[in-house]
K.L.:
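Just dropping this structure here.
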Amino acid sequence: MRTIDHWLTSPWRRSAVCAVAGALPVLAFPTPSLWWFAYVALVPWILLARSAPTGRRAAYDGWSGGFGFLVAVHHWLLPSLHVFIFLIAALLGALWAPWGWLVRRFLGGRPAPGRGAAALLVLPSAWLVVELVRSWQGLGGPWGMLGASQWQVSPALRLASVGGVWLLSFLIVAVNVAAAVLVSVRESRVPAVASLVVTAAATSAAWAWAPRPEMDGRVRIAVVQPGIMDGGEKRFDREEQLTRQLAGQHVDLVVWGESSVGFDLGDRPDLARRITALSRTVGADVLVNVDARRSDRPGIYKSSVLIGPDGLTGDRYDKMRLVPFGEYIPARSLLGWATSVGKAAGEDRRRGTEQVVMNAGHGLRIGPLICFETAFPDMSRHLTESGADVLLGQSATSTFQDSWAPQQHASLGALRAAETGRPMVHATLTGVSAVYGPGGQRLGPWLGTDASAARVYDVPLAHGITPYVRYGDWPVYGALLVLAVLCGTEGVRTLRLRRSGPAPLGPPARTVHGS
């Protein structure tokens with residue numbers, strides 16, 4: 001142990017080890033999908049920050065671990081951003097510096113049982129605030145939230161309906177903190193075990209209390225995945241061919257992936273007529289996604305457009321939250337050089353202004369989301385509040401076809417479905433496409449990255465209101481309250497120490513003038 005401590009005295013070696021420790025949680029996400037590993041993945045990182053010789057070093061440990069975590073969960077961006085991804089991770093990794101400092105503050109040395117118990121509340125709250133800040137769309141959005149690793153665990157999905165992915169992240173960090181205490185602090189093992197028992201009891205009660213979605217209908221939705229990355233005309237021809245195969249299968253809606261139409265339908269009325277003919281052939285509306293310069297206003301938009309047997313229905317949703325660097329460059333005047341480094345956007349896409357719920361016929365109301373908008377819990381919650389029966393994500397991860405990105409993206413649909421109690425359809429150009437029921441359970445097989453097919457899914461409908469839809473991001477508000485109380489307590493404690501000050505050792509010395 002002393003040999004290890006001596007080896008870690010080098011700041012660079014210690015930072016490298018922290019970066020590796022911070023990267024470990026990526027194994028809980030798809031493709032590895034070792035969901036159980038999430039509950040111990042943070043322990044090495046916590047032990048390192050806890051053992052830091054100073055609070056400043058603990059903050060560096062938090063920063064280094066955050067750098068490793070962000071590089072790991074976004075490693076598939078390397079072909080597009082190249083060295084730029086390391087700069088972004090270094091900047092955003094600083095968000096974990098206060099978390100590292102708090103780890104040492106509450107777990108360093110031989111913490112009293114009360115301090116160890118408080119760590120089970122403070123450290124998960126601090127982690128949740130980090131996830132909140134980095135979830136801002138301008139900082140890259142909420143990709144790789146720790147709770148999202150539990151997308152295939154039924155009890156966790158039930159808890160997501162209570163407090164969203166935020167509640168899952170909080171519980172995962174709490175379990176990791178308790179495990180770190182059990183490993184390293186003998187005096188606090190009893191409180192740690194007691195806290196684990198209380199956590200298990202509380203989550204079990206929430207699992208039992210949370211209302212289950214009551215199925216009250218069923219629709220047949222077809223997903224068309226052409227499996228073609230390049231060539232707008234060639235891709236459209238394949239989508240048309242696959243959609244024609246759905247004739248006679250009694251579908252209620254056909255969904256194409258993101259950028260399935262590479263031309264503005266105002267400029268290409270011939271394409272609009274072909275999709276209209278498909279709608280008549282199939283007997284259902286077709287939801288396409290147009291990625292093109294609009295003919296009725298300036299700029300390039302990504303838009304979900306609904307087309308029925310009589311042509312364009314007038315329902316259109318323009319993507320609101322764009323992918324930084326992929327679809328626009330933040331502060332282009334300063335960072336425009338990124339286009340020469342990787343595959344950054346040569347021209348910024350334009351943003352939509354509001355979410356839209358569409359009437360797709362057959363009494364079906366749909367709420368479209370485009371690409372990484374499916375990572376934002378608030379967007380699917382607002383669509384549910386607005387009356388959507390089904391959530392629809394149109395995506396294209398063809399740029400990252402041979403990476404973990406398609407599986408990670410597809411898994412997010414399970415969380416959004418469980419949070420809202422609404423089925424979620426995730427349709428892509430080249431895979432992975434997936435469909436989930438109102439409880440987040442997977443319906444039928446995925447369409448993998450090697451598939452070019454049209455598949456029909458029987459999708460159950462439910463119309464209850466989950467606690468998450470009703471109360472929103474209450475775990476985040478609770479975490480902010482915990483940290484506000486902590487700051488207030490620390491401020492009062494510091495003020496009292498300053499007022500009391502050290503007692504004088506004796507009478508003041510007499511000066512010459514005093515004599």
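Only heavy atoms go into these numbers, but all of them, side chains included; no hydrogens, no water, no symmetry mates.
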K.L.:
When you compare the side chains of Tyr317 and Glu373, does any donor N or O come within less than 3.5 Å of an acceptor on the partner?
P.N.:
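Yes, because at least one side-chain N or O of Tyr317 sits under 3.5 Å from a partner of the opposite role on Glu373.
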
K.L.:
So, for Pro32 and Trp404, which heavy atoms are closest and what is the spacing to 0.1 Å?
P.N.:
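In this case the closest contact between Pro32 and Trp404 is CG-CH2, 3.5 Å.
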
K.L.:
Is a side-chain N or O of Ser304 found less than 3.5 angstrom from the main chain of Asn289, in a donor-acceptor match?
P.N.:
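Here the side-chain-to-backbone pair does not exist.
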
K.L.:
Please report whether the ring centroid of Phe29 lies less than 6.0 Å from that of Trp143.
P.N.:
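No.
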
K.L.:
So, for Gln401 and Gly431, which heavy atoms are closest and what is the spacing to 0.1 Å?
P.N.:
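Taking Gln401 first and Gly431 second, the nearest heavy atoms are OE1-O, 4.2 Å.
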
K.L.:
Any side-chain heavy-atom pair from Gln441 and Ser154 closer than 4.5 angstrom?
P.N.:
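When only atoms from C-beta onward are counted, Ser154 and Gln441 do not touch, as no gap falls below 4.5 Å.
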
K.L.:
Are the side chain of Arg455 and the backbone of Gln225 linked by a donor-acceptor contact shorter than 3.5 Å?
P.N.:
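Side chain of Arg455 to backbone of Gln225, a donor-acceptor pair under 3.5 Å: no, none is there.
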
K.L.:
Centroid-to-centroid, Trp45 to Phe69, below 6.0 Å?
P.N.:
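No, the ring centres sit 6.0 Å or more apart.
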
K.L.:
Report yes if the side chains of Leu412 and Trp151 come closer than 4.5 Å at any heavy-atom pair, otherwise no.
P.N.:
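Of all side-chain heavy-atom pairs linking Trp151 with Leu412, none is under 4.5 Å.
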
K.L.:
Measure the acute angle between the ring planes of Trp35 and Tyr39, then classify it against the limits of 30° and 60° as parallel, tilted or perpendicular.
P.N.:
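Because their plane-to-plane angle is over 60°, the rings of Trp35 and Tyr39 count as perpendicular.
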
K.L.:
So, does Thr313 use its side chain to make a donor-acceptor pair with the main chain of Ile307 at under 3.5 Å?
P.N.:
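It does not hold such a pair.
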
K.L.:
Any donor-acceptor pair under 3.5 Å linking the side chain of Gln408 with the backbone of Pro30?
P.N.:
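Indeed, once roles are kept as given, a pair shorter than 3.5 Å links the two residues.
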
K.L.:
Does the side chain of Arg134 come within less than 4.5 Å of Trp96's, by heavy atoms?
P.N.:
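In short, these two side chains touch, coming nearer than 4.5 Å.
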
K.L.:
Measure from NZ or CZ of Arg381 to the centre of the six-membered ring of Tyr468 and say whether it is under 6.0 Å with the direction within 45° of the ring axis.
P.N.:
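Yes.
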
K.L.:
To check you understand the geometry: which heavy-atom pair defines the closest contact between Ala462 and Met215, and what is its length?
P.N.:
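Between these two residues, the closest heavy atoms are CB-SD, 4.3 Å.
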
K.L.:
Over all heavy atoms of both residues, which pair between Ile46 and Val103 is shortest? Give the atoms and the distance, please.
P.N.:
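For Ile46 versus Val103, the nearest heavy atoms are O-CG1, 3.5 Å.
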
K.L.:
Between CG of Leu306 and CD1 of Ile275, what distance do you get to the nearest 0.5 Å?
P.N.:
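Output value for this atom pair is 10.5 Å.
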
K.L.:
Taking the side chain from Tyr436 and the backbone from Arg422, do they hold a donor-acceptor pair closer than 3.5 Å?
P.N.:
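Answer holds: no.
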
K.L.:
Hey, does the Lys NZ or Arg CZ of Arg274 hover above the aromatic six-ring of Phe236, less than 6.0 Å from the centre and inside 45° of the axis?
P.N.:
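Output no; distance or angle outside limits.
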
K.L.:
If you take all heavy atoms of Phe400 and Ala405, which pair is closest and at what distance?
P.N.:
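Nearest heavy atoms, Phe400 then Ala405: CB-CB, 3.8 Å.
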
K.L.:
I'd like to check Val288 versus Glu239 (side-chain heavy atoms, cut-off strictly below 4.5 Å). Are they in contact?
P.N.:
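Side chain of Val288 against side chain of Glu239, heavy atoms only: no contact under 4.5 Å found.
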
K.L.:
Please report the shortest heavy-atom distance between Ser149 and Ile172, naming the atom on each side.
P.N.:
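The answer is OG-CD1, 4.0 Å.
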
K.L.:
State, with a plain yes or no, whether a side-chain heavy atom of Trp256 is found less than 4.5 Å away from one of Val261.
P.N.:
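Yes, side chains in contact.
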
K.L.:
Are Val219 and Leu253 side-chain neighbours, meaning at least one heavy-atom pair lies under 4.5 Å?
P.N.:
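No, too far: nothing below the 4.5 Å cut-off.
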
K.L.:
So, Ser169 side chain and Gly147 main chain: donor-acceptor pair closer than 3.5 Å or not?
P.N.:
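Confirmed, Ser169 side chain pairs with Gly147 backbone.
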
K.L.:
Ignoring hydrogens and angles, tell me if any N or O in the side chain of His75 forms a donor-acceptor pair with the backbone of Ala72 under 3.5 Å.
P.N.:
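Confirmed, His75 side chain pairs with Ala72 backbone.
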
K.L.:
Is Asp389 reaching over with its side chain to a backbone N or O of Arg365, donor-acceptor style, under 3.5 angstrom?
P.N.:
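Here the side-chain-to-backbone pair exists.
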
K.L.:
Does the side chain of Leu429 come within less than 4.5 Å of Glu258's, by heavy atoms?
P.N.:
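A side-chain contact is absent here, since even the closest heavy-atom pair is not under 4.5 Å.
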
K.L.:
Crowded around Asp402 CG? As in, over 12 foreign heavy atoms under 6.0 Å?
P.N.:
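It does not: Asp402 CG has 12 such atoms or fewer within range.
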
K.L.:
Please examine the side chains of Thr384 and Thr466, heavy atoms only from C-beta on, and report whether any two atoms are closer than 4.5 Å.
P.N.:
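Counting from C-beta outward, Thr466 and Thr384 never come under 4.5 Å.
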
K.L.:
For the residue pair Gln355 and Ser386, confirm or rule out a side-chain donor-acceptor distance under 3.5 Å.
P.N.:
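Judged by distance alone, the side chains do not pair up.
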
K.L.:
Between the side chains of Ser395 and His409, is a donor N or O closer than 3.5 angstrom to an acceptor N or O?
P.N.:
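Yes, His409 and Ser395 have a side-chain donor paired with an acceptor closer than 3.5 Å.
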
K.L.:
Should the pair Arg293-Asp267 be classified as a salt bridge under the 4.0 Å nitrogen-to-oxygen rule?
P.N.:
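Between Asp267 and Arg293 there is no salt bridge, as every charged N stays at least 4.0 Å from the carboxylate O atoms.
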
K.L.:
Checking the side chain of Arg280 only, and the main-chain atoms of Pro309 only, is there a donor and an acceptor separated by less than 3.5 Å?
P.N.:
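Indeed, once roles are kept as given, a pair shorter than 3.5 Å links the two residues.
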
K.L.:
Under 6.0 Å from the CD atom of Glu214, do we count more than 12 heavy atoms belonging to anything else shown?
P.N.:
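It does not: Glu214 CD has 12 such atoms or fewer within range.
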
